Structures are given as structure tokens and as C-alpha cells.
Amino acid sequence: MSRFWSKTLQQLTPYTPGEQIQIADLIKLNTNENPYGPSPKALAAIQNNCNDSLRLYPPPGSDSLKETIAKVYGINNDEVFVGNGSDEILAHIFLGLFKHEAPVLFPDISYTFYPVYAALYEIDTQLIPLDADLNIQINDYMAVPKNGGIIFPNPNAPTGQGIPLAEIERLLQANRDSVVVIDEAYVDFGAQSCVGLIKQFDNLLVTHSLSKSRSLAGLRVGYAMGNASLIEGLERVKNSFNSYPLDRLAQAGAQAAISDQAHLKNTSQKIIDSRNQLVPELDALGFKTLPSQANFIFTSHPKLSGQALYQGLRDQKILVRYFNAPRIDQFVRITIGSDRECADLLRALKNLIPA
Ligand SMILES: *Cc1c(COP(=O)(O)O)cnc(C)c1O
């Protein structure tokens with residue numbers, strides 16, 4: 001605390017990302033990074049752009065990247081926005097599209113950056129509890145008389161549980177006068193994308209990230225897809241904040257990564273297969289794992305708290321995430337790693353579970 005801090009700053013509780021610590025042979029399963037690495041074409045594109053052109057500012061609108069995204073998803077160029085990670089896009093959404101009289105709605109158990117942005121921009125929120133099985137229930141959102149926007153991930157984080165496209169369509173139908181943001185950071189690992197609905201609903205915005213399924217967390221690129229008027233709104237915020245959020249290397253790497261759909265499919269399928277193999281093995285140890293459509297699982301054991309699992313794994317050089325919060329303090333969130341890492345995880349868990 002300092003006397004120089006604004007009132008807003010004094011009241012902020014910043015987001016805490018998963019630990020990024022450097023310990024030799026640590027198995028890092030705490031921030032949903034991808035074990036398989038980015039497309040080799042993306043790496044080549046980044047290397048090819050490491051040249052004298054870096055003395056020039058990058059294209060401010062990232063037009064070439066937007067064109068590639070539009071082509072891959074079958075939408076128009078003006079229906080695409082790009083940002084420095086989808087987190088930055090979420091920040092612009094809160095400021096530009098969510099700051100209204102009525103509260104913004106999101107699940108009580110969800111991505112913990114949402115309440116941070118709301119506090120930063122002084123936006124009212126209303127948390128909608130997940131149901132007893134930790135699922136999102138659309139009727140609970142529809143029951144609130146007025147909202148300034150709705151946001152949730154599909155599949156949700158940290159639960160990994162998705163909801164069907166028809167449910168999102170039902171929500172959009174009933175909520176035409178405020179923006180619904182579906183955060184599809186994990187959609188490539190098995191959930192249904194709602195990008196196909198953006199032509200039908202001018203209040204739908206879908207965000208994607210290159211950090212998870214495209215294995216480029218270090219490059220910081222995300223994108224949003226929606227009606228051109230929503231995209232124009234985000235451009236206005238961006239151009240009032242930072243004209244060049246994506247550097248030349250990021251634009252080149254992202255464009256090549258998004259073009260390489262084969263790499264995305266292969267690596268995502270490997271992760272889905274590992275997840276499908278890991279869950280029954282955890283069942284056999286007495287774990288209860290929520291059905292996941294993401295590159296992580298949310299799992300609990302009747303005999304050990306989330307914190308005990310976290311600490312017990314950490315002592316064996318495996319890093320996972322637990323959330324010291326009501327209803328989920330028995331759980332840990334574990335990223336699906338390589339097969340080798342999954343095997344090491346199982347071995348470590350066997351050491352912890354009392355016979
Ligand atoms: C990882 C994550 C993001 C942020 O992704 P970046 O593109 O790395 O900023 C957004 N939403 C959810 C739910 C996430 O888990």
C-alpha cells in the first residue's frame with residue numbers, strides 16, 4: 001500500500017496465475033500448458049521474421065492474421081478481433097461491452113480473472129452458483145431479471161465440464177439485449193464450439209486462446225469472433241489503450257499456427273486419449289473425477305483434501321493447482337501432460353493414497 005495508489009488500485013485483488021517456478025525436473029501440471037509444443041510451421045514463421053523488419057512497428061490491425069482466422073472459421077474478416085492473449089481481450093470486453101447498469105453474470109466457480117476485471121473497471125457482478133454436480137445451468141442465468149452481460153467458459157474452468165450447444169442457443173435466444181461471451185479457451189479438447197452461431201446472434205462473442213490447444217502460451221495471442229459491431233467496439237477499446245498489442249513475431253507465429261489445423265488435431269487428440277486413459281486409472285485409486293472436455297481434470301479423493309494432494313504431489317516434484325474456496329477445496333486441477341508425465345503422476349498419487 002502506498003499513498004500514491006488510487007482508490008481503485010487500493011481495492012484491487014490481482015489475479016494470481018499458477019506458479020511458474022524453475023525447479024530441475026519438475027513436472028508442471030498446474031497451468032494447462034500443452035506438453036506437445038507448437039506447430040513447427042509456427043516456429044519457422046517466428047524465426048523467419050527475426051530480421052531487420054523488427055525496427056518497424058507491426059501492422060496495427062493484424063489484418064493478415066485476422067484473414068487467416070476468418071478463413072479457418074468460415075467468417076468475415078470484420079468478425080475477428082485479436083489480442084495479446086485472450087486475457088487482454090477479456091479485459092477489453094469488460095470495459096467496452098459489460099460496463100452497464102445491470103450486473104454482469106458469471107458462475108461462482110469459474111475463471112478467477114472475471115471478478116478481477118470487474119473490480120478493475122468497477123463493474124457490478126452477480127455470481128450464479130453451479131448446480132450440485134458443479135454444472136452450469138442456463139435457467140439460473142435466465143432467471144435473473146436484468147444483466148449487463150454474461151460470461152462463462154465452455155468447457156468451464158476449473159471443472160472441465162461443458163454444456164451442449166443447444167443450451168447456449170437457448171440462452172442467446174432469451175437474452176438478446178446484452179452480450180453473451182463464451183470463453184472457448186479449452187474448446188478444442190472435445191466441447192462443442194458456438195462460433196457457428198455468430199451470424200444468427202449479434203450479441204454473441206466467442207473467445208479463443210493460442211495458449212492451450214495450440215501450445216503457444218509464451219507467444220500471448222488470443223482472438224474473439226462475433227458480430228462486426230461487437231468487434232468494432234473491441235477495436236475502439238484497443239485503439240484507446242495500445243495500438244500494437246501483437247508484435248511482428250506474434251502475428252507471424254499465430255498465423256502459421258492457426259493455419260496448421262493438422263497439428264492442432266493430432267496433438268489435441270493425443271491429449272484427449274491420455275485423459276480418457278488417466279481417468280479410469282484414477283477411479284481405481286478411489287478418485288472422483290468430473291467428466292472433462294478440457295486438457296485438465298478436476299478430481300477429488302475422499303481421504304485427502306485438495307491442499308494435501310497438492311502438497312503431497314509437490315513434495316514429489318509434481319505441480320498441480322488447488323483452490324482454497326468453498327465447494328471445491330477437496331479438488332485439485334491437474335493438466336493432462338505427456339504419457340510419461342501421466343504415468344509419473346499416477347505413481348506419485350499411489351504413494352499418497354492410504355491403503
Ligand atoms: C487460459 C485461459 C484464458 C487465457 O488465455 P490466454 O490466451 O493465455 O490469455 C482465458 N480463459 C480461460 C478460461 C483460461 O483458462
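Whatever order the structure lists them in is the order used to number ligands and atoms, beginning at 1. Values in this document were obtained by computation on a predicted structure and should not be read as measured data.
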Closest protein heavy atom to [atom], given as residue, atom name and distance to 0.1 Å:
atom	value
atom 8 (O) of ligand 1	Ser211 OG, 2.6 Å
atom 5 (O) of ligand 1	Ser86 OG, 3.1 Å
atom 14 (C) of ligand 1	Lys212 NZ, 3.1 Å
atom 12 (C) of ligand 1	Asp183 OD2, 3.5 Å

Would you mind finding which of Tyr111, Phe152, Tyr186 brings a heavy atom closest to atom 15 (O) of ligand 1?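 Among Tyr111, Phe152, Tyr186, the closest heavy atom to atom 15 (O) of ligand 1 belongs to Tyr186.
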Proximal ligand 1 atoms for [X], defined as those under 4.0 Å from one of its heavy atoms:
X	value
Asp87	3 (C), 4 (C), 9 (O), 10 (C)
Gly85	7 (O), 9 (O)
Arg220	6 (P), 8 (O), 9 (O)

Between Glu88 and ligand 1, which residue portion shows a heavy-atom distance shorter than 4.0 Å: side chain, backbone, both, or neither?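 Glu88 to ligand 1: no contact under 4.0 Å from either part.
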Do side-chain atoms of His301 reach the backbone of Lys303 as a donor and acceptor pair under 3.5 angstrom?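 Yes; judged by distance alone, with no hydrogens or angles, the pair exists.
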So does Ala294 get a backbone contact from the side chain of Arg275, meaning a donor-acceptor N/O pair under 3.5 Å? yes
Answer yes if the side chains of [X] and [Y] hold a donor-acceptor pair under 3.5 Å, and no otherwise.
X	Y	result
Thr31	Lys28	yes
Gln137	Asp131	yes
Asp183	Tyr114	yes

Between Phe94 and Tyr117, what is the ring plane arrangement, given parallel below 30°, perpendicular above 60°, and tilted in between? tilted
Pairwise distance CG(Leu345) to CD1(Ile27) - rounded to 0.5 angstrom: 8.0 Å
